Amino acid sequence: MNVDKYTTVIEGGAHWSFIARRGTQMTLKDLTGGANVGMLFYNPMLLSEKLNTPDTLKCQHTFKLTKGHCLYSDMGRIFCSIIEDSFGWHDSVCGNSHASHIEAKWGKRNYQTDSNQWQQNGYDSFLVELAKYNLGRRDLAANMNFFSKVTPSPEGNLELSASAAKDDYVVLRFEMDTLVLLHTCPHPFNDSKSYPQKPVELQLEKTQAVADDDYCMNFRPENQRGFKNNALYHLGLN
């Protein structure tokens, strides 16, 4: 059976992983407002190659990520490009919530007593998904937090200053086959009164080929080099 489009809903406080093929695009939509989507990328053919957010920020001269930016691997290749974005600011420096964060803010709960209503954290969610591919703690990297805006306070401390509104979306176009790990657990700076259960719609579909005047490829000169690295990687594979 051929599937041209796949849509699913990731409930709040959940995690998932899959391989996004080169030439597909993924649309994430916040269904209620206030969502956070933690995400990591790996090369499924070379699992030691993973998302490198420091290089992603440095080579594109930015602190925030939005439309036009590309997400780089530690091999200088581009996993995906942000081709559409209604929110305009996505965090890549603040990492994950841990079990201690969740317990301190919203109390201790576990699966044995609370079943599917237990309050998961981003760090352990990634570890669960990594184990499915024979990966572990040493394979973690700095992750994306889509739909979370982080800015400095007047005292110079980073803080969660904004979250997405209902129906905000971001579209990622995958430039190479990519193992995607994600969770919908709270941002580590989230101070909601109760554990935020914020569902996200995820849609996968085929995308158009990258043209010479592509917005993301030409957004920064460094991105042109990244696309050339991808072209070399894919040489003979078409």
Side-chain angles (χ1 to χ4, degrees), residues 10 12-13 26-41 50-72 74 78-106 119-123 125-126 140-172 181-202 215-216 219-220 222-223:
I10 312 297
M26 176 173 63
T27 301
L28 298 170
K29 183 169 73 171
D30 188 340
L31 294 178
T32 62
N36 178 73
V37 181
M39 196 171 293
L40 283 172
F41 302 132
K50 52 185 171 287
L51 176 67
N52 188 316
T53 54
D55 281 358
T56 293
L57 298 177
K58 179 179 66 177
C59 78
Q60 295 175 98
H61 315 288
T62 187
F63 179 70
K64 67 175 182 178
L65 293 174
T66 185
K67 180 179 178 179
H69 289 127
C70 300
L71 299 174
Y72 281 79
D74 51 15
I78 296 172
F79 281 122
C80 62
S81 306
I82 304 176
I83 61 173
E84 296 292 343
D85 181 18
S86 70
F87 183 54
W89 185 299
H90 304 279
D91 165 47
S92 63
V93 300
C94 293
N96 276 306
S97 58
H98 287 240
S100 58
H101 300 143
I102 303 299
E103 182 175 351
K105 292 178 181 180
W106 300 297
Q119 299 166 346
Q120 299 194 63
N121 67 84
Y123 180 77
S125 293
F126 275 147
L140 282 168
N143 60 280
M144 291 294 305
N145 284 304
F146 287 103
F147 299 134
S148 294
K149 179 179 180 179
V150 174
T151 54
S153 69
E155 296 75 28
N157 300 313
L158 289 178
E159 60 184 11
L160 183 64
S161 58
S163 298
K166 181 178 182 295
D167 294 332
D168 265 333
Y169 64 90
V170 61
V171 185
L172 308 180
L181 275 61
L182 64 85
H183 66 70
T184 51
C185 298
H187 189 278
F189 292 170
N190 191 307
D191 287 324
S192 298
K193 292 183 179 180
S194 59
Y195 183 90
Q197 295 279 359
K198 303 295 184 178
V200 173
E201 181 184 87
L202 183 150
Y215 183 76
C216 296
F219 191 69
R220 293 284 186 269
E222 292 81 2
N223 289 354

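Please read these numbers as outputs of a predicted model, since none were measured by experiment.
Using cut-offs of 30° and 60° on the angle between ring planes, the pair F79 and F41 is tilted.
Checked against ring-ring contact (aromatic ring centres under 6.0 Å, His included), Y215 has the following partners two or more places apart in sequence or in another chain: F219. Scanning for side chain to side chain contact (heavy atoms under 4.5 Å, CB included) contacts around T62 gives L57, Q60, K64, L65, H69, with sequence neighbours left out. With sequence neighbours left out, T53 forms a side chain to side chain contact (heavy atoms under 4.5 Å, CB included) with L51, S92, A142, M144. Under the side chain to side chain donor-acceptor pair (under 3.5 Å) criterion, S192 pairs with N190, sequence neighbours left out. In this structure, the side chain to side chain donor-acceptor pair (under 3.5 Å) partners of D85, at least two apart in sequence or on a different chain, are T66, H90.
Formation of a donor-acceptor pair under 3.5 Å by the S86 side chain with backbone atoms of Y169 is found in this model. Looking at Y195, its side chain does come within 3.5 Å of a backbone N or O of Q120 through a donor-acceptor pair. H98 places no side-chain N or O within 3.5 Å of a backbone atom of S100 that could act as its donor or acceptor partner.
The structure places CZ of R220 at 9.5 Å from SG of C59, a figure rounded to the nearest 0.5 Å. Interatomic distance, L172 CG to I83 CD1, rounded to the nearest 0.5 Å: 8.0 Å. How far CG of L181 is from CG of N143: 10.5 Å, rounded to the nearest 0.5 Å. Taken from OG in S163 to CZ in F189, the straight-line distance is 12.5 Å, to the nearest 0.5 Å.
Side-chain contact between K105 and Q119 is absent, with no heavy atoms from C-beta onward closer than 4.5 Å. Put simply, the side chain of L71 does not reach to within 4.5 Å of the side chain of I78, judged on heavy atoms. At a threshold of 4.5 Å between non-hydrogen side-chain atoms, the residues H183 and N96 count as touching. Two residues are said to be in side-chain contact when any heavy atoms from C-beta on lie closer than 4.5 Å; T151 and W89 meet this criterion. Taking the side chain as every heavy atom from C-beta outward, K149 and F87 approach each other to under 4.5 Å. Looking at D91 and L160, their side chains never come closer than 4.5 Å, going by heavy atoms from C-beta outward.
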Side-chain donor-acceptor distances from residues 30-37 under 3.5 Å, at least two apart:
from, atom 1, to, atom 2, distance (Å)
D30, OD1, T32, N, 3.2
D30, OD1, G33, N, 2.7
D30, OD2, G34, N, 3.1
D30, OD2, A35, N, 2.9
N36, OD1, S148, OG, 2.7
N36, ND2, N145, OD1, 3.3
N36, ND2, C185, O, 3.1

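The shortest heavy-atom contact between W106 and S194 is NE1-C, 3.3 Å. Looking at every heavy atom in both residues, F146 comes nearest to V170 through CD2-CG1, 4.2 Å.
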